[in-house]
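Reviewing the structure listed below.
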Amino acid sequence: MARKKIALVGAGQIGGTMALLAAQKELGDVVTIDIAEGVPQGKSLDITHGAQVIPSSVSLTGSNDYAAMKDADVVIVTAGLPRKPGMSRDDLLEVNCGIIKNVGENIKEQAPNAFVIVVTNPLDAMVYTMQKVTGFPANKVVGMAGVLDSSRFSSLIALELGVAAEDVTAMVMGGHGDTMVPLIRYATAGGVPVTQLLPMDTLNAIAARTAKSGGEIVGLLKTGSAFYSPGISAIKMAEAYLKDKKSVLTCAARLNGEYGIDGLYAGVPVIMGANGVEKVIEVELDETEKAAFDVSISAVKELTAWVENNFSA
Ligand code: A3D
């Protein structure tokens with residue numbers, strides 16, 4: 001069986017992290033593409049130098065030419081600008097939308113059968129743009145945010161409880177912005193509802209910190225945004241697709257009537273396998289959760305409307 005091919009468009013902080021992880025997991029040959037001359041080549045060669053130690057038998061190459069992604073099975077897009085202190089994700093809208101449009105046109109030409117994972121912010125509007133530009137079926141174009149936001153929520157709960165992060169399952173839905181919705185009621189540790197393990201005000205504080213976690217990292221790093229955990233999360237999605245794992249993951253998926261929403265991308269739990277997004281799972285939301293979800297969706301709607309008004313595919 002031929003090796004799979006993974007194209008990483010954007011060889012910055014997240015792109016480099018994903019190249020290393022994909023090589024460690026031997027998910028397939030990795031091609032990294034960036035406009036910065038030497039950067040994708042340098043990072044690919046650097047990881048190749050460690051292949052004997054990892055060990056990894058996949059090939060890693062870097063290029064400044066989009067043609068290098070030819071016939072890729074998976075394309076993960078991080079091309080664009082990250083946040084700096086004082087910026088919101090939405091401040092990146094105009095510049096990153098132009099980049100995604102350009103990258104999307106090239107994916108359409110070079111890798112028409114690819115599963116496309118968008119990471120560039122503002123996430124929900126960028127994945128919407130990508131699907132519009134490529135014209136790919138919506139199940140093959142998804143956004144990475146929910147896996148990261150849910151992992152942040154789970155990890156912070158685990159820290160508070162002093163238990164293994166892998167035993168905590170917690171979900172964050174809605175748009176990938178300050179209005180994201182961490183669902184406390186559904187969080188469990190080893191199957192035990194966390195509402196039985198921690199006081200509600202502690203859980204509310206953890207939920208609030210989760211929603212601001214991206215900004216917390218930006219404030220600490222000062223020169224960019226989080227990259228290790230976003231890289232890990234996007235590779236988890238690629239793995240679910242390539243191995244047909246039928247994983248239940250929260251990601252930005254195009255909604256077609258689910259949650260009463262039509263034609264928007266937003267964070268919801270899905271089943272992910274060889275057909276990409278195989279099913280959107282509809283979670284029961286109580287009145288308060290639904291109200292918070294609606295606020296988050298309004299923010300997504302606003303950004304998506306900007307894309308509709310300013311960019312025709
Ligand atoms: P960074 O390290 O700056 O890497 C971005 C790379 O994109 C740079 O190397 C650029 O040269 C490159 N680039 C710019 N334009 C193009 C183009 N047209 N074609 C190819 N490459 C190009 O940023 P990063 O890796 O830290 O972050 C990348 C994106 O992910 C940013 O938009 C972040 O805001 C976003 N991000 C999203 C999340 C989510 O959870 C959704 C989390 C963290 C960061």
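Counting convention: from 1, in listed order, for ligands and their atoms alike.
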Hey, does the side chain of Y66 reach the backbone of I33 with a donor-acceptor pair shorter than 3.5 angstrom?
no
For S44 and T61, indicate whether the former's side chain and the latter's backbone hold a donor-acceptor pair under 3.5 Å.
yes
Residues F115, V75; criterion side chain to side chain contact (heavy atoms under 4.5 Å, CB included); working and verdict
CA-CA 6 Å; F115 179 54; V75 182; over 6 Å; no
In the protein, which heavy atom is nearest to atom 38 (C) of ligand 1, and how far is it?
N121 ND2, 3.7 Å
Listed once per pair and sorted, the ring-ring contact (aromatic ring centres under 6.0 Å, His included) pairs that draw on residues 267-295, sequence neighbours left out
Y259-F293
Check this for me, if you would: do E26 and R3 make a salt bridge, where the nitrogen-to-carboxylate-oxygen distance has to be below 4.0 angstrom?
no
What residue and heavy atom of the protein are closest to atom 18 (N) of ligand 1, and at what distance?
Y66 OH, 3.1 Å
Any N/O of A145 closer than 3.5 Å to an N/O of ligand 1?
no
For atom 37 (C) of ligand 1, what's the nearest protein heavy atom and its distance?
V119 O, 2.9 Å
I need the atoms of ligand 1 closer than 4.0 Å to a non-hydrogen atom of L148, numbered in the order shown.
40 (O)
Please list the nearest protein heavy atom to atom 28 (C) of ligand 1 with its residue and the distance rounded to 0.1 Å.
T78 O, 3.1 Å
Return yes if some donor-acceptor pair links the side-chain N/O of T78 with the main-chain N/O of I14 below 3.5 Å, else return no.
no
To the nearest 0.1 Å, how far is atom 4 (O) of ligand 1 from its closest protein heavy atom, and which atom is that?
G12 CA, 3.3 Å
Test of understanding: given a 4.0 Å heavy-atom threshold, classify the contact between I99 and ligand 1 as side chain, backbone, both, or neither.
side chain
State plainly whether the residues R185 and D286 are in salt-bridge range, i.e. N to O under 4.0 Å.
yes
So for L81, does at least one of its heavy atoms come nearer than 4.0 angstrom to any atom of ligand 1?
yes
Are R89 and D91 close enough for a salt bridge, meaning some N to O gap below 4.0 Å?
no
Which is closest to atom 33 (C) of ligand 1 in terms of heavy atoms, A226, A234, P82, G98?
P82
Run the numbers for me: atoms of ligand 1, each under 4.0 Å from some heavy atom of S225, listed by number.
44 (C)
Considering only the protein, which heavy-atom contact is closest to atom 42 (C) of ligand 1, and what is its distance?
P230 CG, 3.6 Å
Whether over 12 other heavy atoms sit under 6.0 Å from D178 CG:
no
Under a 4.0 Å heavy-atom limit, does N96 contact ligand 1 with its side chain, its backbone, both, or neither?
side chain
Would you mind running through ligand 1 and noting each atom that sits below 4.0 Å from a heavy atom of G80?
5 (C), 7 (O), 13 (N), 14 (C)
What atoms in ligand 1 come closer than 4.0 Å to a heavy atom of M144?
39 (C), 40 (O), 41 (C)
Answer yes when K243 and E239 have at least one side-chain N-carboxylate O distance shorter than 4.0 Å, and no when they do not.
yes
Do me a favour and list the nearest non-hydrogen protein atom to atom 44 (C) of ligand 1 with residue, atom name and distance?
I14 CD1, 3.4 Å
Give the residue, atom name and distance (to 0.1 Å) of the protein heavy atom nearest atom 11 (O) of ligand 1.
D34 OD1, 2.6 Å
Looking at L92, which atoms of ligand 1 are within less than 4.0 Å of one of its heavy atoms?
34 (O)
Is a side-chain donor or acceptor of Q24 paired with a backbone partner of I54 at a separation under 3.5 angstrom?
no
